[in-house]
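Sequence lines set the chain letters: A, B, ... in the order given, protein chains first and strands last, and positions in each chain run from 1. Here the structure is a predicted model, which is why all the values come from computation and not from measurement.
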Number of protein chains: 2
Amino acid sequence: MQVTTVNKLAQYVGEVVSIRGWLYNRRSKGKLHFLLIRDGTGIVQGVMFQDDVSQNLFTQCAHLPQESSLIATGKVHQDPRAPGGYELALKDVEILQLAGEYPLGKKSHGSDFLLKNRHLWLRSKKQHAHLKIRSEVVRAIRHFFDSHDFVLIDTPILTSSACEETSGLFEVNYFDRRAYLSQSGQLYAEAAAMAFGRVYCFGPTFRAEKSKTRKHLTEFWMVEPEIAYANLDDIMELAEELVANLVEEVLEKRKEELKILERDTKMLEKITLPFPRLSYAQAVEIIRDSKVSFEWGEDFGAPHEAIISSHFERPVLIHRFPAESKAFYMKKDPQDPHLALCVDMLASEGYGEIIGGGQREDDLETLEKSISEYKLTREDFEWYLDLRRYGSVPHAGFGLGLERTVAWLCGTHHVREVIPFPRTLYRIYP
Amino acid sequence: MQVTTVNKLAQYVGEVVSIRGWLYNRRSKGKLHFLLIRDGTGIVQGVMFQDDVSQNLFTQCAHLPQESSLIATGKVHQDPRAPGGYELALKDVEILQLAGEYPLGKKSHGSDFLLKNRHLWLRSKKQHAHLKIRSEVVRAIRHFFDSHDFVLIDTPILTSSACEETSGLFEVNYFDRRAYLSQSGQLYAEAAAMAFGRVYCFGPTFRAEKSKTRKHLTEFWMVEPEIAYANLDDIMELAEELVANLVEEVLEKRKEELKILERDTKMLEKITLPFPRLSYAQAVEIIRDSKVSFEWGEDFGAPHEAIISSHFERPVLIHRFPAESKAFYMKKDPQDPHLALCVDMLASEGYGEIIGGGQREDDLETLEKSISEYKLTREDFEWYLDLRRYGSVPHAGFGLGLERTVAWLCGTHHVREVIPFPRTLYRIYP
């Protein structure tokens with residue numbers, strides 16, 4: 001028997017094939033059972049006519065529990081009314097395991113219950129769509145960098161020191177000493193950029209923040225390109241090119257999934273290059289113009305980001321934030337040393353920050369001073385200072401948060417739905 | 001001025017271009033300086049004739065320290081004698097930073113010194129080649145799975161329980177409780193396979209083993225495919241197809257780097273499908289035939305692997321190990337319940353194990369019994385047991401260790417050279 005998958009049924013019209021999957025749903029009408037079968041690649045309706053199968057099987061299928069595993073064999077028909085456009089006229093169904101009563105029924109569940117059952121929730125249509133889109137976005141990101149002459153450099157997770165503030169670090173017992181989980185691969189990517197010119201890292205990163213907002217996870221994936229001989233303008237261009245490319249790829253390759261998520265793609269379709277660029281100062285003006293008070297130097301919160309975004313139909317680049325609120329490695333603007341040569345990108349439709357980056361300080365003395373002003377342990381950064389001792393060059397890079405980007409593309413409220421097994425302040429199971 | 005990179009010089013023969021990079025080496029001969037310039041994409045020789053540049057610059061270049069950063073401008077000449085086949089007739093060199101005395105000189109250094117300076121060592125030819133090959137292998141692995149209908153599922157690093165033995169786990173302080181760094185994404189990939197059919201995860205994994213062999217890292221990357229409705233034979237086929245594909249891709253796309261590493265590729269070129277398959281019992285016979293004593297039930301050590309490998313010109317698949325030495329989730333061979341339906345792949349040329357995998361126990365009761373026999377905490381595995389309660393199906397998968405695979409392809413003795421920043425028992429800096 002020809003075994004195939006639901007996404008390939010079009011190739012077998014008129015033939016008898018087997019689909020190996022699970023019962024997604026069923027209804028009966030007289031001498032007919034309609035079995036919706038999912039196999040991970042799609043869902044197909046199997047139509048079972050009483051006279052075509054054994055009495056035993058027909059009776060069993062009248063009560064078959066949801067998620068029972070089965071191998072369904074039947075003839076493929078094209079039928080525009082069927083979900084997916086094809087139908088199986090069932091000749092046989094081999095039942096592998098009768099499922100227990102499935103905890104995720106048709107009634108709606110609270111998020112706590114769903115997250116506790118994340119291992120099963122993944123089978124539902126919307127969660128399935130989220131993760132197919134995530135998989136596509138990862139593919140597109142890697143293809144973008146691989147085809148733009150970047151070398152992949154996997155930076156370490158276990159590190160001996162903090163890259164930014166120490167408060168947000170997870171501590172690990174590393175044999176007889178302490179280590180920390182990486183918050184960012186940037187410093188290591190800088191070392192690699194001096195060796196390879198253009199590099200990117202793409203892996204999990206960790207923040208022990210107690211934030212419980214819809215945008216926070218303690219474990220999330222980040223892609224971080226870093227380029228030697230690049231400045232702030234270069235990476236703003238790269239960032240907008242990357243994001244426009246991701247939008248295009250998802251719109252083209254994940255239409256079905258966007259439909260399942262009922263994503264209104266009108267705004268995404270409008271995204272073209274270049275993106276609007278504002279200085280921090282201009283962004284502050286927009287906020288104040290909308291009668292919201294805002295103190296110079298603050299970072300933008302979600303309501304501020306929403307105000308700024310609402311003025312534009314595309315993602316926005318905001319550059320040159322006040323230096324004092326930023327990390328020690330940021331290069332100051334030579335035109336105004338109170339400002340850092342950094343940039344954030346806000347996604348459109350109020351989804352907020354998806355990218356942060358900037359030009360790095362490349363002068364040894366300035367960086368040494370900064371490390372001491374930020375009260376960081378100098379010896380932890382000796383290797384990083386070496387990059388300024390031996391052939392320092394202007395360089396820049398950014399980090400794009402995968403989950404925030406995917407949540408925006410999916411039009412999904414909470415980032416926890418676009419990662420397979422979300423980790424948050426109170427959740428580490430399953 | 002046209003700025004380009006060394007790997008694109010062929011497009012600019014006869015034109016004047018600028019290369020932005022670092023001084024790799026230099027020698028002088030009368031009125032000529034020969035400057036070897038690296039820019040991360042390659043190395044080009046710049047020829048500086050005294051009369052073509054200012055006296056000042058010519059004098060400075062006579063003493064330019066290695067790794068100084070510079071922008072070299074000159075006319076591109078094709079010259080078969082030059083390294084890389086092209087040469088720059090220099091018209092100007094802008095020096096950005098005069099490097100301090102470079103610690104990695106021409107004399108040979110001990111491995112401790114090199115690892116302490118890993119951030120600089122990455123710039124040397126061989127390390128550069130290792131990581132270009134690694135980057136290519138990662139690309140090829142992802143492309144293989146993406147183009148074979150697998151969905152990427154990023155499994156979590158922070159987990160609440162152990163997947164195999166607890167002794168090898170790194171403990172993390174997770175707010176007010178304990179968590180562990182993942183040793184494998186397999187259990188989560190199994191949950192995802194029930195939702196998507198074919199999935200893979202590919203990320204860093206952690207083992208707190210005190211091993212100090214050439215094959216051990218505490219942090220390494222692993223790709224793990226998992227397939228619903230698959231058995232041991234299916235994944236043996238997938239594993240050999242994957243590995244043959246990686247060999248082919250690297251031979252085709254990383255010729256230059258293999259040459260730099262002086263890799264004799266004769267053996268790699270012989271690798272064709274299918275790979276030889278041995279049962280554990282047959283492998284034990286081979287070992288005993290070579291007059292080495294071996295106790296039934298043991299796992300193969302490096303010397304045993306070398307003996308087995310020496311009988312074949314291709315990687316070898318060894319299947320059906322004694323069940324008692326294997327993890328709790330392995331399915332027993334129905335033909336002989338003392339054996340597990342598992343498989344290891346040994347790379348050729350004595351490089352040892354690069355893949356481990358097998359068919360998973362899919363019967364609820366058998367798995368419950370196994371969890372209790374292995375003295376694991378039952379409640380940690382309730383979600384995993386759910387996969388057998390709701391639509392259990394035969395399924396199988398494997399894990400391929402990235403660094404071991406890359407070390408083999410590179411012909412490199414120690415895995416620590418094929419990861420950007422290796423973590424070992426005593427090393428977590430830089």
Chemist: Under a 3.5 Å distance rule, please check whether A:Ser69 uses its side chain to pair with a backbone N or O of B:Ser392 as donor and acceptor.
Modeler: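 Answer holds: yes.
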Chemist: Any idea how B:Tyr429 and A:Trp383 line up, ring-wise: parallel (<30°), tilted (30 to 60°), or perpendicular (>60°)?
Modeler: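 Aromatic pair B:Tyr429/A:Trp383 classed perpendicular.
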Chemist: Under 4.5 Å, counting heavy-atom pairs only, tell me which of B:Ala228, B:Cys201, B:Pro103, B:Ala179 racks up the most with chain A.
Modeler: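 Top option by heavy-atom pairs under 4.5 Å: B:Pro103.
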Chemist: For B:Asp154, is it the side chain, the backbone, both, or neither that has a heavy atom closer than 4.5 Å to a heavy atom of chain A?
Modeler: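 Its backbone and side chain both get close to chain A.
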Chemist: In terms of heavy-atom pairs under 4.5 Å with chain B, which of A:Ala192, A:Ala208, A:Gly203 leads?
Modeler: A:Ala208
Chemist: Which atoms of B:Asn7 come close to chain A, meaning under 4.5 Å heavy atom to heavy atom: side chain ones, backbone ones, both, or neither?
Modeler: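 B:Asn7 touches chain A through side-chain heavy atoms alone.
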Chemist: Take A:Met194 and B:Trp22, measure what side chain to side chain contact (heavy atoms under 4.5 Å, CB included) needs, and give me the verdict at the end.
Modeler: CA-CA 9 Å; A:Met194 303 304 136; B:Trp22 296 267; 3.7 Å; yes
Chemist: Highest number of heavy-atom pairs under 4.5 Å with chain B: which of A:Val138, A:Leu425, A:Leu23?
Modeler: A:Leu425
Chemist: Pick whichever of B:Gly100, B:Ala193, B:Pro394 has the most heavy-atom pairs under 4.5 Å with chain A.
Modeler: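 Max contact count across the listed options: B:Gly100.
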Chemist: If we ignore hydrogens and angles and just use 3.5 Å, is the side chain of B:Arg423 paired with the main-chain N or O of A:Leu158 as donor and acceptor?
Modeler: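 Flag set: sc B:Arg423 to bb A:Leu158 pair under 3.5 Å.
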Chemist: Which one wins on heavy-atom pair count under 4.5 Å against chain B: A:Arg118, A:Arg389, A:His128, A:Glu382?
Modeler: A:His128
Chemist: Go through the atoms of B:Ser124 and report whether side chain, backbone, both or neither lie under 4.5 Å from a heavy atom of chain A.
Modeler: neither
Chemist: At a 4.5 Å cut-off on heavy atoms, which part of B:Glu136 comes close to chain A: side chain, backbone, both, or neither?
Modeler: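 Looking at B:Glu136, nothing touches chain A.
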Chemist: At a 4.5 Å cut-off on heavy atoms, which part of A:Glu219 comes close to chain B: side chain, backbone, both, or neither?
Modeler: side chain
Chemist: So with a 6.0 Å cut-off around OH of A:Tyr426, is the heavy-atom count from everything else above 12?
Modeler: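 Not more than 12 within 6.0 Å, no.
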Chemist: Which of the residues B:Arg38, B:Lys210, B:Lys116 is involved in the greatest number of heavy-atom pairs with chain A at under 4.5 angstrom?
Modeler: B:Arg38
Chemist: Given side chains that start at C-beta, do those of B:Pro156 and A:Ile419 come closer than 4.5 Å, heavy atoms only?
Modeler: no
Chemist: Checking B:Tyr390 side chain against A:Ser68 main chain: does a donor-acceptor pair fall under 3.5 Å?
Modeler: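 A pair under 3.5 Å: no.
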Chemist: I want to check something: taking the side chain as every heavy atom from C-beta on, are A:Ile428 and B:Tyr174 in contact at a cut-off of under 4.5 Å?
Modeler: yes
Chemist: Side chains of A:Thr218 and B:Phe175: does their closest heavy-atom pair fall under 4.5 Å?
Modeler: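 Sidechains of B:Phe175 and A:Thr218: in contact.
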Chemist: Just wondering, do A:Asn173 and B:Val172 contact through their side chains at under 4.5 Å, heavy atoms?
Modeler: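 Not in contact.
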Chemist: A side-chain contact here means heavy atoms from C-beta on lying under 4.5 Å apart; do B:Ile71 and A:Tyr229 qualify?
Modeler: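 They are in side-chain contact.
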Chemist: Taking A:Asp362, A:Ile157, A:Leu131 one by one, which has the highest count of heavy-atom pairs under 4.5 Å against chain B?
Modeler: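 Looking at each option in turn, the highest pair count goes to A:Ile157.
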Chemist: As a quick check of understanding, evaluate side chain to side chain contact (heavy atoms under 4.5 Å, CB included) for B:Leu120 and A:Asp386, giving each step before the final call.
Modeler: CA-CA 8 Å; B:Leu120 302 176; A:Asp386 273 357; 4.0 Å; yes
Chemist: Mind ranking A:Glu67, A:His119, A:His143 by heavy-atom pairs under 4.5 Å with chain B and telling me who comes out on top?
Modeler: A:His119
Chemist: For a quick test of reading the model, state the closest non-hydrogen atom pair linking A:Ala99 to B:Gly391 and the distance between them.
Modeler: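 Looks like CB-N, 3.9 Å.
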Chemist: Can you tell me which of B:Thr155, B:Val199, B:Asp149, B:Asp176 forms the most heavy-atom pairs within a distance under 4.5 Å of chain A?
Modeler: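 Looking at each of B:Thr155, B:Val199, B:Asp149, B:Asp176 in turn, B:Asp149 comes out on top.
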Chemist: Decide side chain to side chain contact (heavy atoms under 4.5 Å, CB included) for B:Val151 and A:Lys132; before the verdict, give the C-alpha distance in whole Å, the side-chain angles of both, and the deciding distance to 0.1 Å.
Modeler: CA-CA 7 Å; B:Val151 178; A:Lys132 291 269 277 191; 3.9 Å; yes
Chemist: Verify side chain to side chain contact (heavy atoms under 4.5 Å, CB included) between B:Arg139 and A:Arg142, making sure each step is shown before the conclusion.
Modeler: CA-CA 8 Å; B:Arg139 191 204 54 72; A:Arg142 293 189 178 265; over 6 Å; no
Chemist: Side chains of A:Leu181 and B:Leu181: does their closest heavy-atom pair fall under 4.5 Å?
Modeler: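 Yes; the side chains approach each other to less than 4.5 Å.
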Chemist: Which residue out of B:Leu122, B:Leu402, B:Leu364 racks up the most heavy-atom pairs below 4.5 Å with chain A?
Modeler: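 Heavy-atom pairs under 4.5 Å are most numerous for B:Leu122.
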Chemist: Below 4.5 Å, heavy-atom pairs only: which of B:Gly197, B:Pro65, B:Pro420, B:Ala191 has the largest tally toward chain A?
Modeler: B:Pro420
Chemist: Answer yes or no: is there a side-chain heavy-atom contact under 4.5 Å between B:Arg134 and A:Ile153?
Modeler: no
Chemist: With a 4.5 Å cut-off on heavy-atom pairs, point out which of A:Phe150, A:Tyr188, A:Phe206 contacts chain B the most.
Modeler: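 Result: the option with the highest number of such pairs is A:Tyr188.
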Chemist: Any sub-3.5 Å donor-acceptor pair from A:Tyr384's side-chain atoms to B:Pro430's backbone N or O?
Modeler: no
Chemist: Are any side-chain N or O atoms of B:Gln97 and backbone N or O atoms of A:Val393, one a donor and one an acceptor, separated by less than 3.5 Å?
Modeler: no
Chemist: Is the shortest side-chain heavy-atom distance between A:Thr5 and B:Arg198 below 4.5 Å?
Modeler: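 The answer is no, as the side chains (C-beta and beyond) never meet within the 4.5 Å cut-off.
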Chemist: At a 4.5 Å cut-off on heavy atoms, which part of B:Lys8 comes close to chain A: side chain, backbone, both, or neither?
Modeler: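 The answer is the side chain of B:Lys8.
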